[in-house]
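Reading through the structure tokens given below for one structure.
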Amino acid sequence: MNTDDTPFSYPVKVGHISANPVSVTIEADSEERAGLARLWSVLEVKALSATLQVQRWKRDGVRLKGRVAADIVQACVVTLDPVEAHIDEPVDVIFVPEGSKLARLPLATESGEMLLDPDGPDAPEIFSGDTIDAGVTAAEHVALAIDPYPRRADVAFSGHIESTDKDDRKPSPFAVLKDWKKD
């Protein structure tokens, strides 16, 4: 049974994973899609599916690699009309158990500076117990790809002015003295 925190769940027992990749295809049902729509504050999640290769990574880690796809409906930020979006994202996540040496961050240089490559692989995710959740991982990848400002293709922001030149002018430092009166 799922909670509101994890409306889409597909637990995978780590002990049953071998070095040979196993292909897993998961798909959200209508109840799970409704829960994801609430979680993501979108009008509707029409579909969510993931095809993942699950395999052992090094000695005690697990790797999920594949793709996640979703069809969602959001409200246009200008008109509030429904806007449909298709999301198709790669998934490549490594999980390691709590306390694993593989979970440690890279060592700092002599000057104390950490060298991290923004285009390099992500740090491994840490899991506790004997289960990882492929459904939560798939849902997180979709959530990160959702457009925060969806807009219908035929709508523009024209005619909207945030401020005027008068508002943008820097006030005179003496302006506060104009209403000052001597007693």
Side-chain angles (χ1 to χ4, degrees), residues 1-75 82-109 113-148 150:
M1 184 169 168
N2 297 331
T3 65
D4 286 339
D5 293 329
T6 57
F8 184 52
S9 181
Y10 186 86
V12 176
K13 291 278 188 196
V14 173
H16 298 165
I17 299 171
S18 69
N20 298 325
V22 174
S23 184
V24 174
T25 300
I26 55 178
E27 194 169 327
D29 64 25
S30 60
E31 186 178 318
E32 292 165 330
R33 291 191 314 267
L36 289 168
R38 285 189 300 276
L39 179 67
W40 298 335
S41 301
V42 298
L43 299 176
E44 182 182 4
V45 176
K46 290 185 165 187
L48 184 145
S49 64
T51 302
L52 304 167
Q53 296 286 323
V54 183
Q55 72 183 82
R56 177 79 55 200
W57 184 77
K58 302 218 177 195
R59 191 173 63 84
D60 53 359
V62 176
R63 183 177 192 183
L64 295 181
K65 185 174 183 176
R67 294 201 79 76
V68 63
D71 291 309
I72 64 170
V73 180
Q74 298 174 266
V83 177
E84 294 193 12
H86 178 72
I87 295 170
D88 185 354
E89 289 291 311
V91 175
D92 193 355
V93 182
I94 293 172
F95 293 88
V96 294
E98 278 181 315
S100 171
K101 292 177 182 177
L102 298 171
R104 294 191 184 138
L105 289 173
L107 297 175
T109 62
E113 181 180 7
M114 291 192 104
L115 301 175
L116 298 175
D117 181 3
D119 296 323
D122 291 339
E125 298 280 331
I126 297 172
F127 70 92
S128 59
D130 65 345
T131 306
I132 61 170
D133 198 321
V136 169
T137 301
E140 286 174 350
H141 278 73
V142 171
L144 290 171
I146 292 175
D147 182 355

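All heavy atoms count here, side chains included; hydrogens, waters and symmetry mates do not.
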Which heavy-atom pair separates Ala75 from Pro150 by the least distance, and what is that distance?
O-CG, 3.3 Å
Working for side-chain contact (heavy atoms from CB on, under 4.5 Å), residues Lys13 and Asp130
CA-CA 6 Å; Lys13 291 278 188 196; Asp130 65 345; 3.5 Å; yes
Measure across Ala50 and Ala138 and return the closest heavy-atom pair with its distance rounded to 0.1 Å.
CB-CB, 3.9 Å
Value for NE2 (His86) from CD1 (Ile72), rounded to nearest 0.5 Å, stands at 11.0 Å
Tell me the closest heavy-atom pair linking Asp133 and Pro11, and the distance in Å.
OD1-N, 4.1 Å
Rounded distance (nearest 0.5 Å) linking atom CD of Glu27 with atom CD of Glu32
10.0 Å
Residue pair Val91, Thr137: steps toward the side-chain contact (heavy atoms from CB on, under 4.5 Å) verdict
CA-CA 8 Å; Val91 175; Thr137 301; 4.2 Å; yes
Counting N and O atoms only, with roles assigned by atom type, does the side chain of Gln74 sit under 3.5 Å from a partner on the main chain of Asp147, one being a donor and the other an acceptor?
yes
Rounded to the nearest 0.5 Å, how far does CZ of Arg33 lie from CG of Asp71?
10.0 Å
Quick one: OG1 on Thr25 to OH on Tyr10, what's the gap to the nearest 0.5 Å?
9.0 Å
Looking at every heavy atom in both Ser23 and Thr51, which two are closest together, and how far apart are they?
OG-CG2, 4.1 Å
Search all heavy atoms of Lys58 against all heavy atoms of Arg56 and return the closest pair with its distance.
O-CG, 3.5 Å
Within the structure provided, determine whether Lys46 and Val73 are in side-chain contact (heavy-atom separation under 4.5 Å).
yes
Give the minimum heavy-atom separation between Trp40 and Ala139, together with the two atoms involved.
CZ2-O, 3.3 Å
So, Arg67 side chain and Ser49 main chain: donor-acceptor pair closer than 3.5 Å or not?
no
Could you check whether any side-chain heavy atom of Ile17 comes within less than 4.5 Å of a side-chain heavy atom of Val22, counting everything from C-beta outward?
no
Euclidean distance, Gln55 CD relative to Leu64 CG, rounded to 0.5 Å
9.5 Å
Between Val62 and the options Val14, Val96, Val93, the side chain to side chain contact (heavy atoms under 4.5 Å, CB included) test singles out Val14
Approximate separation, where rounding is to 0.5 Å, of Leu52 CG and Asp92 CG:
10.5 Å
